[in-house]
Amino acid sequence: MLSLSLTGLKLKNPLILAAGIMGTTGGSLKRATEGGAGGVVTKSIGVEPKSGHSNPSMVEVDCGYMNAMGLPNPSYKNFQKEIDLARECGVPVIASIFGANADEFSEIAGTLHADAFELNVSCPHACGYGAQVGSDPALVEEITKSVKSATTAPVWVKLTPNVTDIKSIGLAAQRGGADAVVAINTVRAMAIDIESGYPILGNKFGGLSGKAIKPIAIKCVYDLYEALQIPVIGVGGISDWKDAVEFMMAGARAVQIGSAVGNNINIFNDISSCMEAFLEDKVWTLDDLYGMAHKK
Amino acid sequence: MLSLSLTGLKLKNPLILAAGIMGTTGGSLKRATEGGAGGVVTKSIGVEPKSGHSNPSMVEVDCGYMNAMGLPNPSYKNFQKEIDLARECGVPVIASIFGANADEFSEIAGTLHADAFELNVSCPHACGYGAQVGSDPALVEEITKSVKSATTAPVWVKLTPNVTDIKSIGLAAQRGGADAVVAINTVRAMAIDIESGYPILGNKFGGLSGKAIKPIAIKCVYDLYEALQIPVIGVGGISDWKDAVEFMMAGARAVQIGSAVGNNINIFNDISSCMEAFLEDKVWTLDDLYGMAHKK
Amino acid sequence: MRPVNAVITKVVEEAPNIRTFFFDTSFKLIPGQFVMVWIRGIDEVPMAFSYDNAITVQKVGPATSALFELDECDSIGIRGPFGKGFDIKTGHLILVAGGVGAAPLAPLAENAAMSGAKITALLGAKTKDELLFRERFEAVGEVRIATDDGSEGKQGYVTQLLEDEKNYDQIYCCGPEIMMKKVLDKVTPSKSQFSLHRYIKCGLGICGACCVDGLRVCKDGPVFSGDVLKKTEFGVYRRNECGERVKI
Amino acid sequence: MRPVNAVITKVVEEAPNIRTFFFDTSFKLIPGQFVMVWIRGIDEVPMAFSYDNAITVQKVGPATSALFELDECDSIGIRGPFGKGFDIKTGHLILVAGGVGAAPLAPLAENAAMSGAKITALLGAKTKDELLFRERFEAVGEVRIATDDGSEGKQGYVTQLLEDEKNYDQIYCCGPEIMMKKVLDKVTPSKSQFSLHRYIKCGLGICGACCVDGLRVCKDGPVFSGDVLKKTEFGVYRRNECGERVKI
Ligand SMILES: Cc1cc2nc3c(=O)[nH]c(=O)nc-3n(C[C@H](O)[C@H](O)[C@H](O)COP(=O)(O)OP(=O)(O)OC[C@H]3O[C@@H](n4cnc5c(N)ncnc54)[C@H](O)[C@@H]3O)c2cc1C
Ligand SMILES: Cc1cc2nc3c(=O)[nH]c(=O)nc-3n(C[C@H](O)[C@H](O)[C@H](O)COP(=O)(O)OP(=O)(O)OC[C@H]3O[C@@H](n4cnc5c(N)ncnc54)[C@H](O)[C@@H]3O)c2cc1C
Ligand SMILES: Cc1cc2nc3c(=O)[nH]c(=O)nc-3n(C[C@H](O)[C@H](O)[C@H](O)COP(=O)(O)O)c2cc1C
Ligand SMILES: Cc1cc2nc3c(=O)[nH]c(=O)nc-3n(C[C@H](O)[C@H](O)[C@H](O)COP(=O)(O)O)c2cc1C
Ligand code: FES
Ligand code: FES
């Protein structure tokens with residue numbers, strides 16, 4: 001009832017583990033599939049091993065979380081075995097990758113084997129990576145193009161909300177041949193310890209995730225759905241089935257779940273069963289939800 | 001102990017009523033001063049009377065509020081008496097004004113009498129106004145310049161966070177001669193009713209305010225403090241004295257309070273007294289707080 | 001809070017232009033508190049609850065007309081309760097209702113009677129057909145009536161019925177502002193409560209659209225004591241959607 | 001939660017490179033749970049609580065060295081408690097501590113003894129001077145010691161002391177992973193609990209940095225039952241800050 005085909009991948013449900021969440025080891029990706037995820041995205045993987053920013057790298061704030069991990073990762077050269085382990089579970093494994101330029105992106109995508117690639121051009125706190133490349137439509141188009149020619153796997157492009165016009169970045173990804181866009185990555189943010197005046201994060205600022213950003217993400221998805229022909233995958237602040245439904249009504253074909261996994265790894269199963277009950281009750285299908293808010 | 005001089009205005013404390021909050025009538029502005037506000041900003045006033053977007057125009061979301069009032073206002077031609085009434089309280093009254101172009105802004109600023117003007121180039125949901133002009137540095141500079149030449153009162157420019165680089169807009173305001181910038185207006189957002197698929201707001205989307213946006217606002221203030229010579233006034237999600245302190249450590253000379261006034265009009269008094277106690281306890285002055293996070 | 005989906009289970013024609021809509025969901029309101037009723041795609045307007053699970057609506061414009069198009073099984077969105085309701089006293093309570101203003105006063109009468117209060121309801125309407133909830137008031141106390149056309153009770157305004165009332169512990173009033181102002185002028189302000197009508201936008205006490213001077217109808221009210229209103233612009237002018245002053 | 005400001009009220013030298021820092025604030029931790037200790041401007045690292053209001057720290061690198069620079073009246077930021085602590089059983093409990101691993105086991109011993117359990121503590125260290133909390137364990141039960149250099153108790157590893165222990169209801173263990181792995185290999189897995197050490201980033205069960213296969217040390221642990229660990233990479237390899245596998 002919840003199954004779908006997304007950029008050629010078969011998903012048993014539209015609920016995907018978001019990048020950077022329990023995504024560094026094959027074992028942890030596996031655990032998310034046991035929790036019911038219809039697909040899993042890995043931690044963003046780069047060219048060289050990276051240890052990330054110093055701690056504190058994540059803090060709970062009033063209505064969500066702020067993090068500045070700094071893209072810690074073992075590099076793609078050490079990562080194939082984790083992907084392979086995760087693929088044993090039979091759900092699509094999407095490799096999130098990042099680089100400073102098109103060459104780095106395509107070096108990784110040309111070597112790693114995964115069911116799809118998600119291009120992280122949206123991390124707000126990685127100097128020279130992420131949103132620093134993802135705010136420029138020309139760069140996004142070029143990177144997408146080069147990855148598309150390096151791999152035959154579907155390519156998703158993950159967008160940052162920290163831009164004046166997210167549609168223009170989505171359109172650039174589409175021109176570059178992206179099979180889908182993912183929105184949104186975290187929102188630029190900061191917290192200061194008033195006892196000392198120190199910014200709390202080791203990196204001083206970071207990205208906001210969780211409940212706080214849901215209304216921002218919904219608006220981005222709504223706008224992208226109107227502007228693009230390719231599917232939009234929604235992410236940002238989903239913590240229950242109602243949030244997931246809201247994203248799909250805004251125009252998301254599928255959704256990803258990040259921060260909320262911390263308190264409930266089985267959230268994918270929980271949302272699936274509630275969503276099924278809701279659809280039955282309303283006598284609706286997934287397709288009915290899809291973009292419903294645009295018809296009102 | 002909390003008094004300060006801000007762009008030439010004397011404030012008994014750095015806690016100002018934000019634009020659009022209890023700001024349409026002299027009587028309601030007065031009530032905010034009785035609640036302890038060191039200054040009050042009026043509702044944004046335009047050239048012609050405007051009834052705003054249709055209801056629902058505001059809804060409470062998980063961690064804050066979303067609104068799309070649509071700048072309802074009686075026009076500056078009907079507003080002087082409200083300002084005059086508010087000025088009887090003896091605290092500075094700042095007139096928030098908006099227009100579609102430099103001429104409209106200076107028409108209003110040239111006619112109204114107020115202790116200062118705040119230029120709303122940042123409302124995210126007013127077609128042809130607000131952020132639609134405030135995302136373009138050239139327009140912001142031009143509007144600021146023309147208002148500066150139309151009035152001798154201090155001019156504050158209120159910025160939108162919905163841009164790739166808020167510093168560039170702040171710098172444009174500074175080049176235009178602004179005496180201060182105010183950050184931030186609400187964050188572009190949307191909520192959908194899952195029972196029906198309808199966007200909840202009459203205007204379909206709106207601006208997020210309240211707790212959810214505080215970490216976003218703190219980051220904007222921090223960045224503007226580094227980039228600008230003129231003072232930054234912080235606003236976004238302040239709901240207690242700790243939030244106010246955090247803003248000042250990020251670099252805000254003063255702060256504005258919006259959504260939190262709904263549940264507590266005396267919030268200005270409450271914050272003042274807690275802030276005084278905190279400063280005494282730490283043996284700090286307001287000046288010590290100011291920008292403290294930049295020294296760490 | 002987000003709007004709660006309320007499905008209409010029954011529609012009752014109360015008077016030519018007044019209908020009661022019953023829902024599948026009950027809300028806990030103190031009489032005088034209100035909810036925001038969202039007719040999706042049209043508008044959201046404030047309404048009192050006339051029963052635990054019903055609103056009683058007079059058709060006056062676009063939103064209420066759209067509501068009149070709805071029938072059983074249709075649904076609307078409801079947010080609330082908002083504001084402060086009536087402070088329900090004991091002793092002899094007089095209720096003064098003008099037209100659909102009877103909506104919040106009927107549950108008030110029933111609550112108060114249950115606690116042993118003596119109820120006198122003064123009902124006013126243009127004509128006999130438009131008298132609202134007469135039987136509900138009769139069931140819990142005495143009812144006196146005034147109609148503009150004299151088709152029932154005294155001919156004239158409901159305020160005239162007040163002249164005979166000397167002994168009361170509290171007066172509760174809801175109706176057109178001009179009528180409420182006349183009531184306020186005739187009674188002991190500190191012994192009277194009025195449910196006000198102002199243009200409601202946010203309903204949360206934030207935007208200030210509904211202010212009567214510095215008082216927010218949506219948050220500090222809609223019910224205010226007469227002595228609080230005495231010092232305000234109540235009965236003198238209101239604000240339109242733009243915030244312009246409009247003479248009452 | 002944001003970091004709570006904790007002011008240091010006393011510093012106690014426990015051993016050449018081990019100090020206990022007492023704070024003006026108490027935290028409610030189940031022994032085995034941990035907090036994140038923020039040495040501002042430097043780093044934030046996980047620590048067990050050795051008392052209601054104290055941590056006991058071994059100086060091993062930049063963060064712990066910076067902590068050693070602090071004195072009375074200095075302050076740090078503390079977030080927590082995080083994770084799941086020891087499940088405290090009754091009967092005969094054996095505690096196996098390697099070095100600073102004694103920090104969470106000392107309050108565990110005191111709690112368990114209070115509820116009537118019989119405690120045997122097996123303490124291991126490089127040399128006599130480095131034996132931690134010996135008196136605290138002695139106050140609530142029997143203590144047996146092993147030192148690498150034989151300066152006190154048996155010469156050799158603390159795991160050797162286990163050979164003589166046949167009758168126990170539960171084994172609690174905290175120390176270097178290589179030592180814990182040896183313990184796990186010697187005991188009944190389902191009757192043993194281990195407090196693990198992995199690189200902690202978020203501490204909230206979100207980022208996955210601390211995973212032992214699919215288990216999150218920061219959230220599902222740091223305490224795990226031996227039979228859960230048997231099926232994992234525990235004792236085989238860990239991950240460094242980059243997530244690369246590193247042989248234990
Ligand atoms: C606290 C409160 C309780 C109310 N309870 C009831 C009730 O139980 N039954 C009932 O029939 N009516 C009630 N009303 C009045 C009701 O809200 C209006 O009749 C309704 O909003 C009219 O909408 P419309 O689009 O049909 O008419 P319009 O033609 O739009 O307006 C007709 C009148 O209603 C006013 N109005 C329109 N929108 C609003 C709004 N958002 N807030 C306030 N006034 C508005 C207009 O200013 C005008 O005076 C109540 C009003 C308030 C403030
Ligand atoms: C649950 C738990 C409880 C702990 N309790 C105590 C305790 O009570 N007393 C005590 O002295 N030590 C304890 N530790 C170990 C302590 O966290 C490390 O000694 C400390 O982080 C070292 O930091 P450093 O900068 O001084 O050394 P570094 O030179 O940075 O590192 C030395 C070792 O500590 C590890 N380390 C560094 N940062 C972290 C981190 N963020 N998370 C985990 N390990 C890290 C490194 O991987 C390395 O193995 C505990 C660890 C964990 C996981
Ligand atoms: C701890 C953490 C690490 C993250 N790491 C990545 C990452 O490596 N790559 C990426 O594209 N997004 C990363 N994200 C962003 C998430 O994938 C997601 O876009 C964001 O958190 C919003 O979703 P949420 O509110 O459900 O958490 C990370 C988020 C968190 C909280
Ligand atoms: C109901 C409402 C109306 C507002 N109207 C205006 C306005 O007219 N002009 C303006 O510059 N900002 C307006 N704002 C934005 C606020 O002044 C403030 O920037 C924003 O709400 C963030 O602060 P807060 O989180 O404290 O509410 C409005 C906000 C709200 C909630
Ligand atoms: S309607 Fe906004 S304050 Fe009352
Ligand atoms: S440290 Fe992030 S999940 Fe454990």
Side chain from CB out, backbone as N, CA, C, O: work out which of these in A:Phe79 comes under 4.5 Å of a heavy atom of chain D, or both, or neither. neither

Could you have a look at A:Asp193, A:Thr24, A:Asn78 and say which one has the most heavy-atom pairs with chain D under 4.5 angstrom? A:Asp193

Look at A:Leu29, A:Val61, A:Asn73, A:Ile194 and state which one has the largest set of heavy-atom pairs under 4.5 Å with chain D. A:Asn73

Using 30° and 60° as the class boundaries, would you call the ring planes of D:Phe23 and D:Phe49 parallel, tilted or perpendicular? tilted

A:Lys77 atom NZ, over 12 foreign heavy atoms within 6.0 Å: yes

Please classify the contact between A:Ile192 and chain D as side chain, backbone, both or neither, with a heavy-atom cut-off of under 4.5 Å. backbone

Could you check whether the rings of D:Tyr51 and D:Phe133 sit parallel, tilted or perpendicular, using 30° and 60° as the cut-offs? perpendicular

Please tell me whether A:Thr160 and A:Ser122 have a donor and an acceptor in their side chains that are separated by less than 3.5 angstrom. no

If I measure from the heavy atoms of chain D, does A:Ile265 come under 4.5 Å with its side chain, its backbone, both, or neither? side chain

A:Asp62 versus chain D, the contacting section by heavy-atom distance below 4.5 Å: neither

Heavy-atom pair count under 4.5 Å with chain D, highest-scoring of A:Pro74, A:Pro49, A:Gly20, A:Gly26: A:Pro74

So which part of A:Asn67 gets closer than 4.5 Å to some heavy atom of chain D, the side chain, the backbone, both or neither? neither

Charged N to carboxylate O below 4.0 Å: is that the case for A:Glu82 and A:Lys43? no

Taking side chain as everything from C-beta outward and backbone as N, CA, C, O, which of these in A:Lys30 sits under 4.5 Å from a heavy atom of chain D? Side chain, backbone, both or neither. neither

Hey, which of D:Ile200, D:Asp220, D:Leu215 is the one that makes side chain to side chain contact (heavy atoms under 4.5 Å, CB included) with D:Cys210? D:Ile200

When heavy-atom pairs shorter than 4.5 Å are enumerated against chain D, which of A:Pro72, A:Ser51, A:Ala32 gives the highest number? A:Ser51

Would you call the rings of D:Phe86 and D:Tyr172 parallel, tilted or perpendicular, where under 30° means parallel and over 60° means perpendicular? perpendicular

Carboxylate-amine/guanidinium contact D:Arg245 D:Glu233, below 4.0 Å: no

Quick check on A:Val59 against chain D: is it the side chain, the backbone, both or neither that has a heavy atom closer than 4.5 Å? both

Rounded to the nearest 0.5 Å, what's the gap from OG on A:Ser259 to CD1 on D:Ile206? Could you check? 5.0 Å

Bottom line for D:Lys201: the part with an atom under 4.5 Å from chain A's heavy atoms is both

Measure distances from D:Arg239 to the heavy atoms of chain A and classify the residue's part below 4.5 Å as side chain, backbone, both or neither. side chain

Heavy-atom pairs under 4.5 Å with chain A, option from D:Arg40, D:Lys219, D:Met1 with the top count: D:Arg40

